[in-house]
Every structure is written in structure tokens, then in C-alpha cells.
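Encoded as C-alpha cells, the structure appears first; notes follow it.
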Amino acid sequence: EGLPPEIRVEEERKLRETFDAARLSIEAALWTEFQGFLSHVSERLDPGENGKRKIFRDSLFEDLSNFIGSFSNRNAFSDAKLQACVEQAQGILNKVGGNPAEAAGRMRDYEGLRATTAEAIGKLKVAVDATIADMPTRALDLD
């Protein structure tokens, strides 16, 4: 209050730009975190260079499950596209069934389920990678 109208308008514009930049940064961080979980699961489910199955721990799906479980609280800006991808990941985990340790056990015991899950996670990862590549970026302004 008390600012001349032209200065007030300029300061409001700067504030909106700052909020928009913060929103983009937070959304990008969520996308990147989700991408990391998908990359880890995908890498562990895919066969190695020699065609042998990779060994993984029961916690393979734990971080991804925790991210999915807390996503609604973290999606402060209601990113519908990311929400759809997270729901798709939840659907994949639901098809595997059980808690994360049980799901990991199923991946070790049932080759067909492992291959199907690896394919589904891989496709989702490709979609997430493409979305991240298309996201606007901004240079850091340290002034």
C-alpha cells in the first residue's frame, strides 16, 4: 500500500513471476524424483548384458510405493499429467499385488510377471523421460 500504481503493478508482476518459477521448480523436482524411482525399478527388472536376471532386494518397490503413497500431499500445484503417470505406476504395482516385499518376491519367482512388469514400467519411464525433456527450463538468477 502507498506505492504509486505503476510501481505496484511492476512489483506484483515480479511476485507472480517468482511464484511461477517456484511452482515450475517444485513440479520439476517431483517429476525428476518419480523418474529416478522408475529408472531404478526398470534397471533392476531388465536383464543384464549377459541376459542373466539382476538380483534385487525386497525394498525394490518400497521407495516407489512410498512416493506414490505420499504423492497427493506433495502435488501442491495439482500437476494432472504427473498425477496420471503416478496413477499408472500404482496400477502396475496393483497388478503385481501385495506389499513391496511381496511384490519383489513375485518378481523373483515368476518370470512372466517380471517381464510384463518390466515392460510396463519401461513404457511409463519412456513417457516420463519425454515429458521431462519437454519441460521448460529456466536459468538460475542469483541476483
Side-chain angles (χ1 to χ4, degrees), residues 1-49 51 53-108 110-143:
E1 291 187 31
L3 290 176
E6 58 277 353
I7 294 175
R8 182 180 178 90
V9 168
E10 179 62 21
E11 292 304 313
E12 285 178 356
R13 182 191 62 76
K14 287 178 185 178
L15 184 60
R16 275 193 290 281
E17 286 177 359
T18 300
F19 284 147
D20 285 343
R23 178 187 55 81
L24 288 174
S25 294
I26 291 167
E27 287 176 350
L30 280 173
W31 276 98
T32 302
E33 186 177 10
F34 184 55
Q35 178 192 39
F37 295 134
L38 292 178
S39 294
H40 177 67
V41 171
S42 180
E43 188 271 328
R44 298 314 305 164
L45 292 178
D46 285 342
E49 292 177 13
R53 293 180 355 160
K54 295 177 184 170
I55 296 172
F56 54 83
R57 306 223 184 282
D58 286 352
S59 62
L60 177 67
F61 295 113
E62 197 167 297
D63 290 338
L64 179 58
S65 294
N66 288 339
F67 178 87
I68 291 169
S70 66
F71 178 72
S72 62
N73 293 332
R74 301 168 83 193
N75 191 15
F77 297 103
S78 301
D79 186 332
K81 193 168 186 177
L82 179 54
Q83 182 174 345
C85 290
V86 168
E87 288 171 358
Q88 188 176 350
Q90 179 65 59
I92 293 167
L93 293 182
N94 288 345
K95 287 181 182 177
V96 175
N99 64 42
E102 293 169 339
R106 287 187 181 99
M107 292 295 104
R108 286 190 290 269
Y110 302 105
E111 190 59 42
L113 180 61
R114 181 181 180 132
T116 303
T117 304
E119 181 180 352
I121 292 284
K123 286 180 182 177
L124 179 56
K125 181 187 171 308
V126 167
V128 168
D129 290 349
T131 300
I132 288 175
D134 292 340
M135 288 180 114
T137 57
R138 64 181 189 92
L140 292 176
D141 183 6
L142 302 176
D143 290 332

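Bear in mind that the values here come from a model prediction, so they are computed numbers and not experimental data. When a residue number appears, it is its place in the shown sequence, counting from 1.
Annotation: Phe77, atom CZ; neighbour count of heavy atoms from other residues, nucleotides and ligands within 6.0 Å is above 12. Residue Lys54 places its NZ atom among more than 12 non-hydrogen atoms of other residues, nucleotides or ligands, all under 6.0 Å distant. More than 12 heavy atoms of other shown residues, nucleotides or ligands fall within 6.0 angstrom of atom CG in Leu15.
A distance of 12.0 Å separates CD in Glu27 from CD1 in Ile132, rounded to the nearest 0.5 Å. With rounding to the nearest 0.5 angstrom, the CG atom of Leu93 is 6.5 Å from the CZ atom of Phe61. Interatomic distance, CD of Glu33 versus CZ of Arg74, reported as 4.0 Å (0.5 Å rounding). Here Cys85 contributes atom SG and Gln35 contributes atom CD; the two are 11.0 Å apart, rounded to the nearest 0.5 Å. Here the straight-line distance linking atom CG of Asn75 with atom CG of Leu30 works out to 6.5 Å at 0.5 Å rounding. Remark: Thr18 OG1 to Arg13 CZ distance equals 9.0 Å, nearest 0.5 Å.
Side-chain contact between Phe71 and Glu87: absent, with no pair of heavy atoms (C-beta onward) separated by less than 4.5 Å. Between Glu111 and Arg53 the shortest side-chain heavy-atom distance falls below 4.5 Å.
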* To do: Evaluate the salt bridge (charged side-chain N to carboxylate O under 4.0 Å, His left out) criterion for residues Glu11 and Lys14: first the C-alpha distance (whole Å), next the side-chain angles of each, then the deciding distance (0.1 Å), finally the verdict.
  => CA-CA 5 Å; Glu11 292 304 313; Lys14 287 178 185 178; 3.5 Å; yes
* Going through the checks in order, is the side chain to side chain contact (heavy atoms under 4.5 Å, CB included) test met by Met107 and Arg44? -> CA-CA 10 Å; Met107 292 295 104; Arg44 298 314 305 164; over 6 Å; no
* To do: Could you please spell out the steps behind the side chain to side chain contact (heavy atoms under 4.5 Å, CB included) verdict for Ile68 and Phe37?
  => CA-CA 10 Å; Ile68 291 169; Phe37 295 134; over 6 Å; no
* Asked: Step by step, would you call Phe34 with Leu124 a side chain to side chain contact (heavy atoms under 4.5 Å, CB included)?
  -> CA-CA 11 Å; Phe34 184 55; Leu124 179 56; 4.1 Å; yes
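Comment: Lys125 engages Asp129 in a salt bridge, judged by a side-chain N to carboxylate O separation of less than 4.0 angstrom.
Between the side chain of Arg106 and the main chain of Leu113, no donor-acceptor pair closer than 3.5 Å is present. Using modelled atom types, one side-chain atom of Glu102 and one backbone atom of Asn99 make a donor-acceptor pair closer than 3.5 Å. In this structure, Arg108 contributes its side chain and Phe56 its backbone to a donor-acceptor pair below 3.5 Å.
Side chains of Gln90 and Asn94: a donor-acceptor N/O pair is present below 3.5 angstrom, by distance only.
Here the rule is side chain to side chain contact (heavy atoms under 4.5 Å, CB included) with Ser42, and of Asp46, Leu45, Leu38 only Asp46 fits it.
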